[in-house]
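See structure below.
Letters A, B, ... mirror the listed sequences (proteins, then strands); counts begin at 1. Not measured: the values here are computed from a predicted model.
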2 protein chains.
Amino acid sequence: MGNPQLVHFTGGETGPWRVLRMRAIAGPPLTDVAYVSTSETQGAWTLRGVVSHVRYVERAEGAALRERQEGLGRPAATRAALIPIKKADAWWDLAQDERRAIFEERSRHIASTLRFLPAIARRLHHARDLGEPFDFLTWFEFAPEHEALFDELLHMLRATEEWRYVTREIEIHLASADSGGAGIER
Amino acid sequence: MGNPQLVHFTGGETGPWRVLRMRAIAGPPLTDVAYVSTSETQGAWTLRGVVSHVRYVERAEGAALRERQEGLGRPAATRAALIPIKKADAWWDLAQDERRAIFEERSRHIASTLRFLPAIARRLHHARDLGEPFDFLTWFEFAPEHEALFDELLHMLRATEEWRYVTREIEIHLASADSGGAGIER
(Lines give C-alpha, C1' and ligand atoms only; values in the text may rest on other atoms or scores of the structure.)
Protein backbone atom coordinates (compact mmCIF):
# COMPACT_ATOMS: atom_id res chain seq x y z
CA MET A 1 0.00 0.00 0.00
CA GLY A 2 1.08 3.56 -0.52
CA ASN A 3 2.68 5.63 2.18
CA PRO A 4 1.81 9.30 1.77
CA GLN A 5 4.60 10.29 4.12
CA LEU A 6 7.30 8.45 2.14
CA VAL A 7 9.90 10.54 0.29
CA HIS A 8 12.54 9.24 -2.13
CA PHE A 9 15.86 10.84 -2.95
CA THR A 10 17.48 9.41 -6.08
CA GLY A 11 21.02 10.25 -7.14
CA GLY A 12 21.59 9.90 -10.89
CA GLU A 13 22.03 11.55 -14.27
CA THR A 14 19.01 13.82 -14.09
CA GLY A 15 16.81 15.67 -11.65
CA PRO A 16 15.75 19.08 -10.43
CA TRP A 17 18.79 19.46 -8.18
CA ARG A 18 22.32 19.64 -9.57
CA VAL A 19 25.10 18.36 -7.33
CA LEU A 20 27.66 21.05 -6.51
CA ARG A 21 29.76 18.74 -4.35
CA MET A 22 29.38 15.66 -2.21
CA ARG A 23 31.67 14.06 0.34
CA ALA A 24 31.58 11.52 3.14
CA ILE A 25 32.06 13.14 6.54
CA ALA A 26 32.02 9.78 8.34
CA GLY A 27 31.76 6.20 7.12
CA PRO A 28 31.68 4.95 3.52
CA PRO A 29 30.74 7.41 0.74
CA LEU A 30 27.77 7.25 -1.61
CA THR A 31 28.46 6.89 -5.35
CA ASP A 32 29.13 10.27 -6.94
CA VAL A 33 26.21 11.52 -9.00
CA ALA A 34 25.48 14.64 -11.07
CA TYR A 35 21.88 15.23 -9.99
CA VAL A 36 19.48 14.43 -7.20
CA SER A 37 15.81 13.82 -7.80
CA THR A 38 13.20 13.86 -5.07
CA SER A 39 11.21 11.04 -6.58
CA GLU A 40 11.67 7.30 -7.09
CA THR A 41 13.47 7.11 -10.42
CA GLN A 42 16.36 5.18 -11.93
CA GLY A 43 19.71 6.21 -10.55
CA ALA A 44 22.89 5.15 -8.82
CA TRP A 45 21.12 5.13 -5.47
CA THR A 46 17.74 5.82 -3.92
CA LEU A 47 17.30 6.71 -0.27
CA ARG A 48 13.91 6.58 1.41
CA GLY A 49 12.55 8.29 4.50
CA VAL A 50 9.23 9.29 6.02
CA VAL A 51 8.07 12.65 7.26
CA SER A 52 6.87 11.52 10.66
CA HIS A 53 5.83 12.91 14.03
CA VAL A 54 8.39 14.68 16.23
CA ARG A 55 10.45 12.46 18.52
CA TYR A 56 12.06 14.95 20.93
CA VAL A 57 10.50 18.37 20.40
CA GLU A 58 8.40 19.50 23.36
CA ARG A 59 5.33 21.70 23.20
CA ALA A 60 6.98 25.08 23.87
CA GLU A 61 9.86 24.26 21.55
CA GLY A 62 7.45 23.27 18.80
CA ALA A 63 5.67 26.60 19.14
CA ALA A 64 8.98 28.48 18.92
CA LEU A 65 9.97 26.50 15.83
CA ARG A 66 6.63 26.98 14.09
CA GLU A 67 6.75 30.70 14.75
CA ARG A 68 10.12 31.12 13.08
CA GLN A 69 10.47 28.49 10.40
CA GLU A 70 9.42 28.77 6.77
CA GLY A 71 8.34 26.03 4.41
CA LEU A 72 10.22 24.27 1.65
CA GLY A 73 9.99 25.37 -1.96
CA ARG A 74 10.57 29.10 -1.50
CA PRO A 75 11.51 30.62 -4.89
CA ALA A 76 14.63 32.29 -3.46
CA ALA A 77 15.84 29.04 -1.91
CA THR A 78 17.79 27.80 -4.91
CA ARG A 79 20.37 26.00 -2.82
CA ALA A 80 19.79 22.80 -0.90
CA ALA A 81 21.65 20.13 1.01
CA LEU A 82 20.85 16.48 1.56
CA ILE A 83 22.67 15.04 4.55
CA PRO A 84 21.99 11.35 5.27
CA ILE A 85 23.02 10.35 8.78
CA LYS A 86 23.38 7.08 10.65
CA LYS A 87 23.81 6.86 14.40
CA ALA A 88 25.52 4.15 16.46
CA ASP A 89 23.60 1.30 18.08
CA ALA A 90 24.70 2.84 21.39
CA TRP A 91 22.42 5.79 20.60
CA TRP A 92 19.40 3.64 19.82
CA ASP A 93 19.97 1.50 22.91
CA LEU A 94 19.58 4.57 25.13
CA ALA A 95 16.28 5.23 26.91
CA GLN A 96 14.09 8.10 25.72
CA ASP A 97 15.13 10.44 28.54
CA GLU A 98 18.81 9.73 27.91
CA ARG A 99 18.48 10.52 24.21
CA ARG A 100 16.47 13.64 24.95
CA ALA A 101 19.10 14.80 27.49
CA ILE A 102 21.88 14.49 24.94
CA PHE A 103 19.76 15.92 22.12
CA GLU A 104 18.51 19.04 23.86
CA GLU A 105 19.66 19.52 27.45
CA ARG A 106 23.34 19.03 26.54
CA SER A 107 23.57 19.44 22.75
CA ARG A 108 20.90 22.18 22.55
CA HIS A 109 19.86 20.83 19.16
CA ILE A 110 16.56 22.71 19.08
CA ALA A 111 17.43 25.92 20.93
CA SER A 112 20.70 26.58 19.15
CA THR A 113 19.27 25.99 15.68
CA LEU A 114 16.50 28.56 16.18
CA ARG A 115 18.82 31.38 15.13
CA PHE A 116 19.22 29.78 11.70
CA LEU A 117 15.50 30.22 11.09
CA PRO A 118 13.85 31.30 8.89
CA ALA A 119 16.87 31.59 6.56
CA ILE A 120 17.37 27.84 6.44
CA ALA A 121 14.27 25.72 5.87
CA ARG A 122 14.56 22.06 6.69
CA ARG A 123 12.74 18.78 6.82
CA LEU A 124 13.69 15.60 8.62
CA HIS A 125 12.95 12.18 7.12
CA HIS A 126 13.06 9.09 9.33
CA ALA A 127 14.61 6.08 7.61
CA ARG A 128 15.78 3.67 10.31
CA ASP A 129 12.52 1.74 10.70
CA LEU A 130 12.41 1.27 6.93
CA GLY A 131 15.60 -0.80 7.09
CA GLU A 132 17.49 1.87 5.17
CA PRO A 133 21.28 2.30 5.30
CA PHE A 134 20.81 5.67 7.03
CA ASP A 135 18.70 6.53 10.07
CA PHE A 136 17.80 10.05 8.92
CA LEU A 137 17.77 12.03 5.71
CA THR A 138 18.04 15.70 6.56
CA TRP A 139 17.09 18.19 3.87
CA PHE A 140 17.84 21.90 3.93
CA GLU A 141 16.88 24.73 1.56
CA PHE A 142 18.27 28.25 1.58
CA ALA A 143 19.11 31.21 -0.63
CA PRO A 144 22.70 31.38 -1.99
CA GLU A 145 23.53 34.33 0.27
CA HIS A 146 22.97 32.11 3.29
CA GLU A 147 25.57 29.51 2.41
CA ALA A 148 27.99 30.69 5.11
CA LEU A 149 25.19 30.55 7.66
CA PHE A 150 24.40 27.01 6.61
CA ASP A 151 28.06 26.00 6.96
CA GLU A 152 27.98 27.50 10.44
CA LEU A 153 24.94 25.36 11.30
CA LEU A 154 26.77 22.21 10.20
CA HIS A 155 29.87 23.11 12.20
CA MET A 156 27.77 23.76 15.28
CA LEU A 157 25.86 20.48 15.04
CA ARG A 158 29.01 18.45 14.45
CA ALA A 159 30.60 19.85 17.59
CA THR A 160 27.77 18.59 19.82
CA GLU A 161 27.74 15.55 22.11
CA GLU A 162 24.85 14.21 20.01
CA TRP A 163 27.10 14.06 16.95
CA ARG A 164 29.56 11.72 18.68
CA TYR A 165 26.99 9.02 17.97
CA VAL A 166 27.01 9.68 14.22
CA THR A 167 28.78 6.80 12.48
CA ARG A 168 27.99 7.71 8.89
CA GLU A 169 27.29 11.08 7.36
CA ILE A 170 27.29 12.27 3.75
CA GLU A 171 27.12 15.92 2.77
CA ILE A 172 25.56 16.65 -0.62
CA HIS A 173 25.34 20.28 -1.73
CA LEU A 174 22.80 21.05 -4.41
CA ALA A 175 21.67 23.92 -6.63
CA SER A 176 18.31 24.18 -8.30
CA ALA A 177 18.75 22.99 -11.89
CA ASP A 178 16.50 25.77 -13.19
CA SER A 179 16.50 29.36 -11.99
CA GLY A 180 13.66 28.96 -9.49
CA GLY A 181 13.48 26.81 -6.39
CA ALA A 182 12.85 23.18 -7.23
CA GLY A 183 11.35 22.30 -3.85
CA ILE A 184 10.37 18.85 -2.78
CA GLU A 185 6.69 19.38 -2.17
CA ARG A 186 4.77 16.14 -2.22
CA MET B 1 17.25 -4.11 0.99
CA GLY B 2 16.37 -6.35 3.89
CA ASN B 3 15.24 -5.03 7.22
CA PRO B 4 16.32 -7.35 10.05
CA GLN B 5 13.87 -5.67 12.41
CA LEU B 6 10.84 -6.22 10.13
CA VAL B 7 8.19 -8.72 11.27
CA HIS B 8 5.21 -9.94 9.22
CA PHE B 9 1.92 -11.25 10.57
CA THR B 10 -0.14 -13.06 7.95
CA GLY B 11 -3.72 -14.18 8.55
CA GLY B 12 -4.75 -17.14 6.40
CA GLU B 13 -5.46 -20.86 6.13
CA THR B 14 -2.30 -22.08 7.79
CA GLY B 15 0.29 -21.11 10.35
CA PRO B 16 1.73 -21.91 13.76
CA TRP B 17 -0.99 -20.01 15.60
CA ARG B 18 -4.66 -21.04 15.45
CA VAL B 19 -7.23 -18.27 15.84
CA LEU B 20 -9.49 -18.81 18.86
CA ARG B 21 -11.47 -15.62 18.23
CA MET B 22 -11.06 -12.23 16.66
CA ARG B 23 -13.13 -9.09 16.87
CA ALA B 24 -12.90 -5.38 16.13
CA ILE B 25 -12.86 -3.29 19.30
CA ALA B 26 -12.84 -0.03 17.35
CA GLY B 27 -12.97 0.79 13.65
CA PRO B 28 -13.40 -1.63 10.74
CA PRO B 29 -12.62 -5.35 11.31
CA LEU B 30 -9.97 -7.46 9.62
CA THR B 31 -11.11 -10.40 7.48
CA ASP B 32 -11.72 -13.48 9.62
CA VAL B 33 -8.99 -16.08 9.30
CA ALA B 34 -8.29 -19.51 10.80
CA TYR B 35 -4.55 -19.13 11.43
CA VAL B 36 -1.91 -16.49 11.89
CA SER B 37 1.61 -16.93 10.62
CA THR B 38 4.52 -14.80 11.75
CA SER B 39 6.12 -14.73 8.34
CA GLU B 40 5.36 -13.21 4.96
CA THR B 41 3.18 -15.83 3.30
CA GLN B 42 -0.01 -15.94 1.23
CA GLY B 43 -3.09 -15.07 3.21
CA ALA B 44 -6.11 -12.84 3.58
CA TRP B 45 -3.97 -10.07 5.04
CA THR B 46 -0.39 -9.34 6.03
CA LEU B 47 0.52 -6.72 8.59
CA ARG B 48 4.06 -5.44 8.96
CA GLY B 49 5.90 -3.78 11.82
CA VAL B 50 9.42 -3.22 13.07
CA VAL B 51 10.94 -4.01 16.41
CA SER B 52 12.47 -0.63 17.05
CA HIS B 53 13.98 1.47 19.86
CA VAL B 54 11.82 2.58 22.78
CA ARG B 55 9.90 5.82 22.32
CA TYR B 56 8.76 6.70 25.86
CA VAL B 57 10.48 4.37 28.32
CA GLU B 58 12.98 6.16 30.55
CA ARG B 59 16.16 4.68 31.97
CA ALA B 60 14.84 3.62 35.39
CA GLU B 61 11.66 2.25 33.86
CA GLY B 62 13.65 0.27 31.32
CA ALA B 63 15.69 -1.29 34.11
CA ALA B 64 12.50 -2.25 36.00
CA LEU B 65 11.02 -3.79 32.86
CA ARG B 66 14.16 -5.72 31.97
CA GLU B 67 14.38 -7.09 35.50
CA ARG B 68 10.87 -8.52 35.38
CA GLN B 69 10.03 -9.41 31.81
CA GLU B 70 10.67 -12.73 30.07
CA GLY B 71 11.26 -13.36 26.39
CA LEU B 72 8.97 -14.68 23.71
CA GLY B 73 8.87 -18.35 22.77
CA ARG B 74 8.60 -19.86 26.26
CA PRO B 75 7.36 -23.49 25.93
CA ALA B 76 4.55 -22.93 28.44
CA ALA B 77 3.30 -19.83 26.61
CA THR B 78 0.94 -21.63 24.25
CA ARG B 79 -1.51 -18.75 24.08
CA ALA B 80 -0.92 -15.48 22.27
CA ALA B 81 -2.71 -12.33 21.20
CA LEU B 82 -2.12 -10.02 18.28
CA ILE B 83 -3.67 -6.60 18.79
CA PRO B 84 -3.16 -4.12 15.95
CA ILE B 85 -3.83 -0.53 16.99
CA LYS B 86 -4.20 2.79 15.20
CA LYS B 87 -4.19 6.13 16.99
CA ALA B 88 -5.83 9.39 15.93
CA ASP B 89 -3.95 12.13 14.11
CA ALA B 90 -4.54 14.22 17.24
CA TRP B 91 -2.16 11.86 19.08
CA TRP B 92 0.59 12.13 16.50
CA ASP B 93 0.24 15.91 16.33
CA LEU B 94 1.10 16.17 20.03
CA ALA B 95 4.62 17.12 21.11
CA GLN B 96 6.85 14.47 22.69
CA ASP B 97 6.31 15.73 26.25
CA GLU B 98 2.53 15.81 25.76
CA ARG B 99 2.47 12.23 24.50
CA ARG B 100 4.76 11.07 27.29
CA ALA B 101 2.54 12.84 29.88
CA ILE B 102 -0.54 11.00 28.65
CA PHE B 103 1.33 7.72 28.19
CA GLU B 104 2.97 7.51 31.58
CA GLU B 105 2.30 10.40 33.96
CA ARG B 106 -1.47 10.10 33.53
CA SER B 107 -2.14 6.68 31.97
CA ARG B 108 0.66 4.90 33.89
CA HIS B 109 1.21 2.66 30.88
CA ILE B 110 4.60 1.39 32.05
CA ALA B 111 4.18 1.36 35.84
CA SER B 112 0.78 -0.29 35.87
CA THR B 113 1.75 -3.04 33.43
CA LEU B 114 4.72 -4.11 35.56
CA ARG B 115 2.50 -6.34 37.67
CA PHE B 116 1.60 -8.41 34.60
CA LEU B 117 5.24 -9.40 34.24
CA PRO B 118 6.69 -11.94 33.83
CA ALA B 119 3.43 -13.87 33.22
CA ILE B 120 2.69 -11.99 30.04
CA ALA B 121 5.54 -11.57 27.57
CA ARG B 122 5.11 -8.96 24.91
CA ARG B 123 6.70 -7.25 21.97
CA LEU B 124 5.74 -4.01 20.28
CA HIS B 125 6.07 -3.56 16.53
CA HIS B 126 6.01 -0.06 15.03
CA ALA B 127 4.06 0.15 11.79
CA ARG B 128 3.06 3.78 11.25
CA ASP B 129 6.19 4.91 9.41
CA LEU B 130 5.83 1.93 7.07
CA GLY B 131 2.55 3.35 5.76
CA GLU B 132 0.65 0.44 7.29
CA PRO B 133 -3.07 0.58 8.16
CA PHE B 134 -2.18 0.27 11.86
CA ASP B 135 0.32 2.27 13.90
CA PHE B 136 1.34 -0.59 16.20
CA LEU B 137 1.14 -4.36 16.22
CA THR B 138 1.21 -5.52 19.83
CA TRP B 139 2.02 -9.17 20.45
CA PHE B 140 1.53 -11.01 23.75
CA GLU B 141 2.40 -14.57 24.84
CA PHE B 142 1.25 -16.28 28.01
CA ALA B 143 0.35 -19.66 29.49
CA PRO B 144 -3.36 -20.68 29.38
CA GLU B 145 -3.70 -20.22 33.15
CA HIS B 146 -2.93 -16.52 32.72
CA GLU B 147 -5.81 -15.78 30.36
CA ALA B 148 -7.81 -13.93 33.04
CA LEU B 149 -4.75 -11.87 33.90
CA PHE B 150 -4.33 -10.97 30.25
CA ASP B 151 -7.98 -9.90 30.01
CA GLU B 152 -7.39 -7.72 33.04
CA LEU B 153 -4.43 -6.08 31.31
CA LEU B 154 -6.58 -5.26 28.28
CA HIS B 155 -9.36 -3.81 30.42
CA MET B 156 -6.88 -1.67 32.30
CA LEU B 157 -5.23 -0.29 29.17
CA ARG B 158 -8.55 0.48 27.50
CA ALA B 159 -9.67 2.53 30.49
CA THR B 160 -6.69 4.91 30.23
CA GLU B 161 -6.60 8.41 28.80
CA GLU B 162 -4.09 7.15 26.25
CA TRP B 163 -6.69 4.77 24.83
CA ARG B 164 -9.08 7.63 23.99
CA TYR B 165 -6.78 8.27 21.04
CA VAL B 166 -7.20 4.73 19.68
CA THR B 167 -9.36 4.87 16.55
CA ARG B 168 -8.94 1.27 15.39
CA GLU B 169 -8.20 -1.84 17.40
CA ILE B 170 -8.53 -5.53 16.58
CA GLU B 171 -8.21 -8.27 19.16
CA ILE B 172 -7.01 -11.64 17.87
CA HIS B 173 -6.69 -14.49 20.36
CA LEU B 174 -4.43 -17.36 19.35
CA ALA B 175 -3.39 -20.82 20.50
CA SER B 176 -0.23 -22.59 19.50
CA ALA B 177 -1.16 -25.00 16.71
CA ASP B 178 1.11 -27.68 18.17
CA SER B 179 1.51 -28.52 21.83
CA GLY B 180 4.59 -26.37 22.43
CA GLY B 181 4.94 -22.63 22.17
CA ALA B 182 5.20 -21.49 18.60
CA GLY B 183 7.05 -18.28 19.38
CA ILE B 184 7.87 -15.62 16.85
CA GLU B 185 11.62 -15.65 17.15
CA ARG B 186 13.26 -14.20 14.09
Co-membership, hydrophobic cluster, residues [X] and [Y], 4.5 Å side-chain:
{"X": "Leu117(B)", "Y": "Leu157(B)", "value": "yes"}
{"X": "Ile83(B)", "Y": "Leu137(B)", "value": "no"}
{"X": "Ile85(A)", "Y": "Phe116(A)", "value": "yes"}
{"X": "Leu153(B)", "Y": "Trp163(B)", "value": "yes"}
{"X": "Trp139(A)", "Y": "Phe150(A)", "value": "no"}

- Message: Surrounding CD of Glu152(A) (heavy atoms of other residues, nucleotides or ligands, distance under 6.0 Å), is the total greater than 12?
- Response: yes
- What are the residues of residues 87-102 of chain B, in order of number, with any heavy atom under 4.5 angstrom from a heavy atom of chain A? Trp92(B), Leu94(B), Ala95(B), Gln96(B), Asp97(B), Glu98(B), Arg99(B)
- Task: Select all residues of residues 57-70 of chain A having any heavy atom within less than 4.5 Å of some heavy atom of chain B, and report them by number, or 'none'.
- Result: Val57(A), Glu58(A), Arg59(A)
- Item | Set of side-chain contact (heavy atoms from CB on, under 4.5 Å) partners for Ala175(B), sequence neighbours left out | Arg18(B), Leu20(B), Arg79(B)
- For Ala159(B), which residues count as a side-chain contact (heavy atoms from CB on, under 4.5 Å) partner, sequence neighbours excluded? none
- Item | Minimum heavy-atom distance Asp129(B)-Leu130(A), with the two atoms named | O-CD2, 3.5 Å
